[in-house]
Amino acid sequence: MLDAAVAMRRAGRPADAGAIYRRLLDLNENDTLALWGFAMAKVAEESHAEARAMLERAVAIDPRLVHAFNDLGVICRRMGDAPAAESAYRAALAIDSGHVDTLYNYANLLADGDRADEAENLYRRALAGRPGHVGALNNLGRLLLGRDRTDDAIALFRQALTHDEGQPQTYNNLGNALKAAGALDDSVDAYRSCVEREPRFGDGWRNLSVVLQQMNRMDEAAAPAERAAALSPDNPELFLNLGTVMIRLGRYAEGRNALEKALALDPDYAEAHWNRSHLYLLDGDFRNGWAEYEWRLKCPGLNSYGRKIDAPPWTGGDLAGKTIFVHWEQGFGDTIQFARFLPLVKERGGTVVFECQVALNALFAGLPGVDRLVNARDAVSGFDCYAPLLSLPNILGTDLASIPAAPYLTAPRAEVALPATDAGRLRIGLVWAGRAEHGNDRNRSIPLSALRMLFDVPGCDFFSLQLGAAREQISAEGLHAKLIDLSGSLTDFSATAALIGSLDLVISVDTAVAHLAGALGRPIWVLLPFVPDWRWMLGRNDTPWYGTMRLFRQGADRRWETPVAAIGAALAGWRNNDTETEAP
């Protein structure tokens with residue numbers, strides 16, 4: 001009868017197996033094998049409380065039942081009773097200190113409880129007893145990966161594959177570890193191996209999409225993102241990922257549709273709202289765009305300011321007799337662009353205290369609308385209300401027609417003169433790369449070699465306003481004679497502004513210098529990728545943000561040759577036809 005019960009349980013017939021075990025227990029209520037088997041049948045039916053009671057009876061009858069203690073620990077863990085699970089595992093190991101299943105299960109419990117050192121020790125003891133334990137190899141690998149021991153994790157995942165080469169989960173884990181190690185091509189191969197072995201492995205498709213996005217292989221990232229979302233249509237995170245891919249491909253309608261699905265599943269999904277704000281703002285729909293943009297403040301990792309302010313947020317009311325604290329957020333370019341709104345805040349009365357990044361202090365000295373300028377290193381308090389800088393357009397109800405006009409900054413007198421050049425020649429500043437840490441830098445920055453044709457335009461002298469590692473390209477391209485490096489004089493944004501004031505034109509990628517030139521009212525030509533940042537909108541060669549700015553956009557081929565050639569033609573035309581006027 002016992003053999004029949006075991007066969008039925010293994011055949012997926014727990015109810016029938018349970019009936020036989022019940023009959024056995026009616027014959028002998030202290031039959032520990034029947035109690036254990038009945039418990040396993042109840043586990044299959046997810047009747048964990050009954051299963052736990054049966055195992056507790058079994059080990060009370062025979063306290064040497066190591067398997068029963070182990071299974072009792074598993075059930076208690078599933079029920080969320082970690083102390084009882086740990087007690088059961090300890091009892092099992094007291095009987096058999098090398099019991100591999102208990103070592104493994106106990107290690108899993110400790111890993112869940114953030115007891116990593118103890119968990120690692122137990123995983124290694126389990127592997128000493130069973131070197132081919134794929135679960136222990138994988139879980140120890142994940143544990144070490146979470147502790148930044150990436151090489152050790154990769155070795156463990158590869159070892160697991162030698163024992164079970166067909167496991168999709170192991171390939172997925174290996175892909176995660178390789179990605180963390182920066183071996184992105186190998187990571188792609190691992191994720192592809194995962195989904196080839198199990199096409200319904202949704203995490204593998206999602207992770208494949210994410211790493212392809214990281215490598216800027218957006219065309220390849222789309223299909224895995226679609227597959228992952230199709231496999232888990234109730235997961236809003238996957239629709240956010242799909243929407244992100246489609247937007248970065250310039251497939252805006254499909255991106256919006258994916259974000260709408262994410263928000264239908266989770267109406268409070270902050271990242272989906274924030275991404276949707278970009279679509280509204282690209283379209284010039286400021287009413288919806290600014291409202292959605294406020295969700296950035298609820299996005300983990302996106303609220304770059306991160307300080308708690310002991311005052312209520314300003315909602316746009318009268319400020320007479322009050323002090324408002326407006327603080328910077330995000331990058332230098334954002335601070336420069338949105339500083340224009342401070343005079344409108346001042347018009348509501350009260351005292352305006354504005355906090356900016358240290359590198360902008362000198363530039364913003366005397367900034368209109370600011371009573372007191374502080375920086376992020378200052379200890380400040382005593383406010384009646386506060387506002388994040390990039391929330392001001394929403395608070396003030398800004399639309400396309402009411403954007404405060406530039407210029408609103410004044411270039412200080414240059415302390416360092418530009419090198420002398422022949423009279424009548426145009427003096428042009430160049431910036432071809434932004435900060436490498438920027439999330440979209442791979443798309444917005446240009447190799448200096450792509451601008452080489454500009455140096456052939458007659459009557460022009462070029463000056464580099466470039467900072468950072470990209471400066472080394474001047475030497476690498478042999479352009480010292482054609483591009484004068486001013487980086488030694490760019491000590492802060494005030495010094496950069498002074499030099500811009502001495503130039504006839506600045507040509508830049510989408511970086512803070514472009515905003516600076518526009519805010520100063522200086523001629524500025526900006527090279528934009530095919531999928532631009534939201535602030536530049538779509539299909540325009542001008543912008544309502546800066547009247548002296550002209551935009552040169554990549555086409556759908558995402559090649560820089562076309563906009564650079566357009567700049568070259570515009571520069572030659574301006575130089576040849578009307579050198580006495582400002583750049584168009």
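If you're wondering where the values come from, they're calculated on a predicted model, not measured in any experiment.
- At distances below 3.5 Å, not a single donor-acceptor pair connects side-chain atoms of T323 with backbone N or O atoms of D384.
- Around the CZ atom of R558, the shell of radius 6.0 Å holds more than 12 heavy atoms that belong to other residues, nucleotides or ligands.
- Taken to the nearest 0.5 Å, the OG1 atom of T496 stands 10.5 Å off from the CZ atom of F332.
- Ring pair F341/W545 is perpendicular by interplanar angle, where above 60° counts as perpendicular and below 30° as parallel.
- The pair R248-D219 does not meet the salt-bridge criterion, since no charged nitrogen lies less than 4.0 angstrom from a carboxylate oxygen.
- For the atom pair CZ (R471) and CG (L490), the distance works out to 9.0 Å, reported to the nearest 0.5 Å.
- The closest donor-acceptor contact from the side chain of S402 to the backbone of D399 lies under 3.5 Å.
- A centroid separation of 6.0 Å or more is found between the aromatic rings of W314 and Y386.
- Of the charged side-chain nitrogens involved, at least one lies within less than 4.0 Å of a carboxylate oxygen, so that R256 and D283 count as a salt-bridged pair.
- In K346, the NZ atom is crowded: over 12 heavy atoms of neighbouring residues, nucleotides or ligands sit closer than 6.0 Å.
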Item checked: Working for side chain to side chain contact (heavy atoms under 4.5 Å, CB included), residues F463 and I428 -> CA-CA 6 Å; F463 300 86; I428 301 168; 6.0 Å; no
Next item on the list: Report the C-alpha separation of E294 and S391 in whole Å, then their side-chain angles, then the decisive distance to 0.1 Å, and conclude whether the side-chain hydrogen bond (donor to acceptor under 3.5 Å, both in side chains) test is met.
Entry: CA-CA 7 Å; E294 290 301 290; S391 291; 2.9 Å; yes
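- With rounding to the nearest 0.5 angstrom, the CG atom of L363 is 8.5 Å from the SG atom of C356.
- A salt bridge does not link R444 to D533: none of the charged side-chain nitrogens sits closer than 4.0 Å to a carboxylate oxygen.
- No donor-acceptor pair closer than 3.5 Å links the side chain of E355 to the backbone N or O of F325.
- Ring pair H515/Y546 is perpendicular by interplanar angle, where above 60° counts as perpendicular and below 30° as parallel.
- The CG atom of D461 sits 4.0 Å away from the CZ atom of R425 when rounded to the nearest 0.5 Å.
- Although no hydrogens or angles enter the test, the distance criterion places no donor-acceptor pair under 3.5 Å between the side chain of W295 and the main chain of E271.
- Here the NE2 atom belonging to H327 is positioned 8.5 Å from the CG atom belonging to L389, to the nearest 0.5 angstrom.
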Item checked: Pair R192-D189, salt bridge (Lys or Arg N to Asp or Glu O under 4.0 Å): steps then yes or no -> CA-CA 5 Å; R192 290 199 190 281; D189 291 341; 5.5 Å; no
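- The only option from F338, F286, W534 that meets the ring pair (Phe, Tyr, Trp, His ring centres under 6.0 Å) definition with Y293 turns out to be W534.
- If you take CG on L527 and CZ on R550, they are separated by 11.5 Å, rounding to the nearest 0.5 Å.
- Of all the heavy atoms in N275 and I247, the pair that sits closest is O-CD1, 4.4 Å.
- Looking at R340, its side chain never comes within 3.5 Å of a backbone N or O of Y408 through a donor-acceptor pair.
- D504 places no side-chain N or O within donor-acceptor distance of the main-chain N or O of L426, the cut-off being under 3.5 Å.
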